[in-house]
Amino acid sequence: MKIKNFSIAISAASIMAVASICSPAYSAGKTLTVVLSEEPDIVDPCEATRSNVGRIVKQNVSETLVEIDPKDGSIKARLATSWKQTDNLTWEFNIRKGVKFHDGEDLNAKAVVKSINRALNPKYDCEIRTKFFGNMSVSVSAVGSHTISVKTKAPQPIMPALMGTMTVVSPNTQEAKGVRNPQGTGPYVFDKWTPGQSVTLKRFSGYWGSKPVVEDVKYVFRKESAVRSAMVKTGEADIAPNIAVQDATDSKMDFSYFNSETARLRIDTSIAPLNDIRVRKAMNLAIDLEALRGSIFAEGVMPQTQIVVPSINGHNPSLKPWKYNLNEAKKLVAAAKADGVPVGKEIILIGRLGIYPNSTEAMEAMHAMLTEAGFNIKIKMMETAGWLNFLSRPYAEDRGPMLLQGQHDNNNGDAVFSMYNKYACKGAQSTTCDAKVDAGIKAATAATGENRRKIWQEVQRRLHQDIVPDVQMFHMVGFSRVNPRINFTPSISTNSELQVSQVKFN
Amino acid sequence: MQKIQRSKVSSNNFKKILSMFLNDKLAFISIIFLILIIIIAVFGPSLTSASFTKMNLRLRNLAPFSFEHDIMYFFGADALGRSMIARLIVATQNTMFIAATAVFFSMTLGGILGLVSGYFGGKIGNIIMRLADIIMSFPSLLLAVIVLYMFDPSLLNLVIVLAFTRMPIYMRTARAEVLEIRERLFVSAAISMGASHFRIIFKHIAPLTIPTLITIATLDFAFVMLGESALSFLGVGIQPPEVTWGLMVAQGRNYLQIAWWLAFFPGLMIMLVALSLNLLSSWLRIVLDPIQRWRLEDIGEKNE
Amino acid sequence: MKKYLSKRILSSLLAVIGLFIMVFFLARLTGDPGHLYLPIDAPLEVRKEFSEKHGFNDPIYVQFGRFVGDLVNGDLGYSLRKERPAIDVVLEAIPITLSLAAVAMTIALFGAIIIGSLAAYRPNGIFDRISRVVSLTAASAPDFWVAITAILLFSVSLRWLPTSGMGDFPYWIMPVSILVIRPLGLLVQVVRGSMITALSSDFVKTARAKGVKEKSVIFKHALRNGLLPVITVAGDQAAAIANGAVIVETIFGWPGIGKLMIDSILQRDFAVVQASILITAIVILSINIIIDIAYATLDPRIRHK
């Protein structure tokens, strides 16, 4: 008996002790704490197109020659003060004077050329090269102390937009290998990386632009959205970009904004019954987007007509989204069936876990709606790696009819970054082939100005009305939670970068 | 599960066992609860109207304990507006099926391998035990993740993986039992009478090891259920539109702040079933242990 | 003893090699890492060039040969994603999981000994019943669910504990508690069982007859003998606690080996997967050998064999 009492007393005392000691470390002072969903593997600015790297280094540690305005896709000066096209194949950029790298080197034409060549070195698989310059032949040279010229083999009318992705690093940066302590020109110096725990940045005293308010930045990483949003709520973090819609429950700290992502189901148009346009139209008619909006998807999402969002050059604003009409869908299916189209064949719907919040529920809902219209759908949810096997060429020869859950992000100002890959006959992720679309993509890629916009818009129209290669879903919104002690408004660009210099304290 | 009942019936001491049950109230409640679950697993899904498992976005995340809707919505509705009760019933069948088959296969295969290893000893025995070491020397969850990434996370593959990772316990236990039984007289007597190895293993030794193996299996059933839910959490468990309790908890965790019932009820089911199995297993252990059995028998005799 | 030990180490080594070969081929069958390494929109030419450059196009036996060759030279491979030697990445993560597991295991062991002994003192008594139901209930809950609920309760609602992350004492409370729950529930039952046997043994009866105090009967005489099976089960829990670490580390953001393995499996970072499996297996087997030695020194029957 005595022993029991004793142990109860001890445990009660220890519980009370624990409760009284614990006072979590809250972020305070001029330090900003940002909680991200995953830790980067590497923080080389050349990988800044990966969102978890970009949010740390892009425009904070390492800057680009030009910046793309997220609101309208226009191009603003950053490290370059001006630029012009000197002939069909050549662009010239004038570099800002009086800028220093964090390691003391001067920013000049030579340094920029070295940095660009480092990124384009085929020995280094950095994302800027593999994503934007993969099949392009570029040569860069200095034509003055602060002027560079960029030459390509084929005309590149959107070279300035491409330069908006190209981060500039110090000439002392190691070649052909990702670095763990990047040196750029940005307002913040890369301070320390404790793998698995945090990355910290410090304000750069020699920054060329105006002095930002935040002195230190700390990035931490938590996988669960519930944990990230809880951290901002308790004051352990200041900003949680990208939380799930169901965690955005506090209107005082949660911001919702259109991001640059579009969600769709890709239809493999080459295989029966999906090779029949009536079937593809019926699928679009069978989806009740309004029912999904505000339930599985956020209230703010917008039904979508094309793969690029309105701020992108080449978006066609005159297209109308599909309207839910189950009867019409059933009629189309019946008509196709009467012509011998095997509409009852099993169609695999390949989903990717976590591609956007509630992605599994979304696929279950799509499954239910398509089944209602008379299709025989089977869901297969996969991890990213398995899903990728179905996304890109080469496709399996003996594949069956297939729908693929997709989400596309283009925040680089022009439709060219989406169209070839997704819709050209030979595009890496295209499952559609139309001569007119192909010709349009080719013409638009080489065109400039208003003409370019017009050609893109015609391509979008043809895809939406005559080809129907997707089940179009939504232009997505993102949610970020921001602690009331700071003044920062997340926007479309929060997907890919988070400029600490824009953060003020309240 | 069925095995336990069969062995219960086959033993002639039905009455005695019943009284031993009644003397351990917790075990008695557990077995009643488990029988109920088995009935739901077998008959429930076919009795549940399809309309409750269909999507109904108007009832999305409906809160529990309200009488405004059909009684099937008493525990609320999930993120797609499907009745929680109907979902739980359908999930019961899948969960029980996965766990029962996985446990059955790991017990049978592990048991046989353990028997063979213990009986023959030597090289074969050693190789088999090294196999157990390999499986044991590595976190089973990670092994399962690797395998399920490679193959589809289908029902069958899930069962195979779970069965495979739980095998070593049966291998080790069966082997230890055999080593002891082998030394007893009747085995050498059987050998001297010219019985074949096969006959000795399966006719004479195996029956003696079964009670111990079943006790472990009862406990293991709970582990398999928890393992299945952990795999769902990591995204490689069973895939929608199929559903298990583990998957329901894993999906519901995203809604803990706004709809706690999505993860709570399936979590509660897992807990209750695991708890019942644990209590049953400790009852079994006492019943099978000659030193401790009196605890349950004694009182019974007094009552009689 | 020496002979037994060397035999044990040799067989463990064989187990590691077996596991390793299995994992190498399993991992290779999960697909080309280039798919995941390169951006989704990378052109086909870049993908092909990448696979060729890193030898992912070679037949699997060639890759295996190359890998064994490197291994013989003490090279566990290079992480493509992290651009560091895989072994460095793994050695950074191991101590974190080890300390987490060591703290959890110590608490589980001592907790189980205290609770189990008290429960065994009066089997089926009120303490026994309550401790049994409570410990088993706790051990029967899915740990990820307990973890997230605990964060919402203790961090968000009550604001007692930090939500997640590594740091000083308060940061350890939730991860360790969640890791403790399952082995504790199991070990309580084991301690209880072996203590019941020990308490009804002859020497305890003798001690009682001699008038030794009850407290000392339980914690001195009976416990010393009841502890052997507990050590064995605790050893088997070494791998099980690694399972728990995967979940706990993922949710609380601890950069341990469990999280590292899951992440590298997801990203097809083969070198890290292999290195971490190798090191983990070695650690777990070493723990088992140490337990074997402890067992052998404690148990006279084995010592004399």
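Chain A is the first sequence line, chain B the second, and so forth, proteins listed ahead of strands; every chain is numbered from 1.
Between atom CG of residue B/L279 and atom OG1 of residue C/T137 there is a gap of 8.0 Å, rounded to the nearest 0.5 Å. From B/W260, atom CH2 reaches atom OG1 of C/T149 across 11.5 Å, with rounding to the nearest 0.5 Å.
Residue C/I241 does not touch chain B at all, counting heavy-atom pairs closer than 4.5 Å. The part of C/L285 that comes within reach of chain B is its side chain, from C-beta onward, which places non-hydrogen atoms under 4.5 angstrom from that chain. Proximity to chain B is absent for every atom of C/V146, based on heavy atoms less than 4.5 angstrom apart. Heavy atoms closer than 4.5 Å to chain C are found nowhere in B/A132, neither backbone nor side chain. With a threshold of 4.5 angstrom between heavy atoms, C/L152 approaches chain B through side-chain atoms but not through N, CA, C or O. Only the side chain of C/I251 comes within contact range of chain B, judged by heavy atoms closer than 4.5 Å.
For the set B/V273, B/L219, B/L272, B/L142, the entry with the most heavy-atom pairs within less than 4.5 Å of chain C is B/L142. Note: B/A263 leads B/P168, B/A222, B/A263, B/G267 in heavy-atom pairs under 4.5 Å with chain C. Each of C/I277, C/V273, C/I262 has some count of heavy-atom pairs under 4.5 Å with chain B, and the biggest count is that of C/I277.
The shortest heavy-atom contact between C/S140 and B/L226 is O-CD2, 3.4 Å. For B/G246 against C/F144, the heavy-atom pair with the smallest separation is O-CZ, 4.5 Å.
You'll find the side chain of C/N243 stays beyond 4.5 Å of the side chain of B/F223, heavy atoms only. At a threshold of 4.5 Å between non-hydrogen side-chain atoms, the residues B/V145 and C/V246 do not count as touching.
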